[in-house]
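One structure below.
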Protein chains: 2
Amino acid sequence: MALLVGRHVNRIDRKGRVSVPKPFRDVFQGQGFVGLYAYPSFKYPAIEAMGEDFMARLVAAIDDLPLYSEERDDLSAIVENTHRLPCDTEGRVVLPPELLDHAGITGEALFAGRGGALQIWDPATYARDREPAFERARARGVTLRLPPQQPRPVPPGGTPDSTGEG
Amino acid sequence: MALLVGRHVNRIDRKGRVSVPKPFRDVFQGQGFVGLYAYPSFKYPAIEAMGEDFMARLVAAIDDLPLYSEERDDLSAIVENTHRLPCDTEGRVVLPPELLDHAGITGEALFAGRGGALQIWDPATYARDREPAFERARARGVTLRLPPQQPRPVPPGGTPDSTGEG
DNA sequence: ACTAATCCCATTGACTCCCATCATTTCCCA
DNA sequence: TGGGAAATGATGGGAGTCAATGGGATTAGT
């Protein structure tokens with residue numbers, strides 16, 4: 001799986017469009033749908049966003065729960081609050097007002113890669129709420145046990161190149 | 001699996017017709033029948049609706065239950081109360097009075113995508129009964145362990161496009 | 001013949017495509 | 001290694017397209 005990493009700040013134009021950073025777009029190219037699935041974050045004044053592959057995993061997890069169960073209904077609330085935002089030919093999406101309001105985003109949007117998914121923040125809010133997390137992690141001396149190395153699957157008929165997913 | 005996500009509110013005209021939101025219609029295009037299977041929810045004042053694929057799964061699940069069991073009888077009632085609603089050439093369906101009454105729908109219908117299936121609500125009822133579910137999920141700090149990443153099946157001779165499952 | 005359902009066409013407003021501009025970054029060559 | 005040219009990603013805006021909607025006309029059913 002290609003990885004979503006780093007931060008990018010892009011401008012929102014008067015039509016409400018904002019460019020999805022090219023490195024992120026490239027990740028979604030390999031998926032059935034080029035665009036974002038986005039919903040308001042539970043934990044932060046931010047937008048949670050992901051590609052179709054990740055969203056499909058989320059839906060699959062919900063699908064495993066019994067029909068009509070309380071748990072399934074609660075989690076379905078996420079899906080009901082999710083917006084499907086296709087990229088235009090220029091690689092831009094339109095963030096709906098509901099999401100903008102939740103995140104307090106006005107003129108600019110900060111895209112923060114989180115590996116498999118990403119978040120979208122108001123830059124000022126991010127600086128206030130999120131950047132301290134890095135310092136916190138450093139101060140606490142965070143440790144992490146990694147899963148074992150997986151053998152790289154050989155792409156059918158293709159040779160690996162140096163740039164990644166070309 | 002194609003995903004049904006997000007909410008859409010559409011008007012019901014004086015003939016009782018309402019447009020099925022285009023993103024949902026697109027999902028059903030890939031299935032044998034373009035339209036809805038719909039029955040009254042027994043948990044909510046709402047209509048449960050789905051495409052042919054999901055309905056087939058539901059029937060298969062009921063089929064697995066022991067013949068003459070109480071459970072099978074109960075769930076079969078769902079099937080007996082299900083309406084098959086084809087889309088017209090404009091992508092609209094006519095919701096029968098029985099379903100409208102159950103959901104208290106009059107002028108507008110709210111379509112809520114829930115992954116594999118969807119619900120249809122009266123907008124005001126939804127705001128009162130359903131929107132709190134999102135807040136509840138947030139308050140409970142819902143967490144969800146996702147199933148492992150599945151390898152993406154290679155579409156036969158097809159290249160991914162930007163519009164999704166058109 | 002009357003009722004009801006479906007098809008077909010027109011309207012409208014939002015959305016998306018396309019094109020132009022700009023700011024960088026990358027590449028190439030001296 | 002500096003400068004300039006070409007390529008690329010981000011941005012802005014005009015116009016054509018499409019989804020939603022309304023209503024008349026046609027067909028089916030009783």
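So that the names make sense, note that chain A is the first sequence line, chain B the second, and so on, each numbered from 1.
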*Along DNA chain D (nearest heavy atom to each residue), the more 5'-positioned of B/Asp13 and A/Val9*: A/Val9
*Pick the nucleotide of DNA chain D nearest each of A/Arg17 and A/Pro21; which residue has the one closer to the 5' end?*
A/Pro21
Report the distance from atom [atom1] of [X] to atom [atom2] of [N], rounded to the nearest whole Å.
X       : N      : atom1 : atom2 : answer
A/Ile12 : D/dT11 : CD1   : P     : 10 Å
A/Leu95 : C/dT16 : CG    : C1'   : 16 Å
B/Glu90 : C/dT12 : CD    : C1'   : 15 Å
A/His8  : C/dA23 : NE2   : C1'   : 17 Å
A/Asp88 : D/dT11 : CG    : P     : 12 Å
A/Arg84 : C/dT16 : CZ    : P     : 12 Å

*Less than 3.5 Å between a donor and an acceptor, one on the side chain of B/Arg11 and one on the base of D/dG22, is that the case here?*
no
If you only use heavy atoms from C-beta on, which nucleotide in [options] is closest to the side chain of [X]?
X       : options                : answer
B/Asn10 : D/dA10, D/dA20, D/dA15 : D/dA20
B/Lys22 : D/dA15, D/dA20, C/dC19 : D/dA20
B/Arg92 : C/dC7, D/dG22, D/dA10  : D/dG22
A/Pro86 : C/dT16, C/dC17, D/dA10 : C/dT16
B/Thr89 : C/dC17, C/dC7, D/dA20  : C/dC7

Just so I know, are the side chains of [X] and [Y] near enough to count as touching, which here means a heavy-atom distance under 4.5 Å?
X        : Y       : value
A/Phe111 : A/Val18 : yes
A/Arg25  : A/Cys87 : yes
B/Tyr126 : A/Glu80 : yes
A/Arg92  : A/Asp13 : yes

*Would one find a side-chain N or O of A/Arg25 under 4.0 angstrom from OP1 or OP2 of D/dA10?*
yes
*Which part of the nucleic acid does B/Arg14 contact within heavy-atom distance under 4.0 Å: base, sugar-phosphate only, or nothing?*
sugar-phosphate
_Side-chain hydrophobic cluster, 4.5 Å single linkage: members besides B/Phe54_ = A/Leu67, A/Tyr68, B/Phe33, B/Tyr37, B/Tyr39, B/Phe42, B/Met50, B/Met55, B/Leu58, B/Val59, B/Ile62, B/Leu65, B/Leu75, B/Ile78, B/Val79
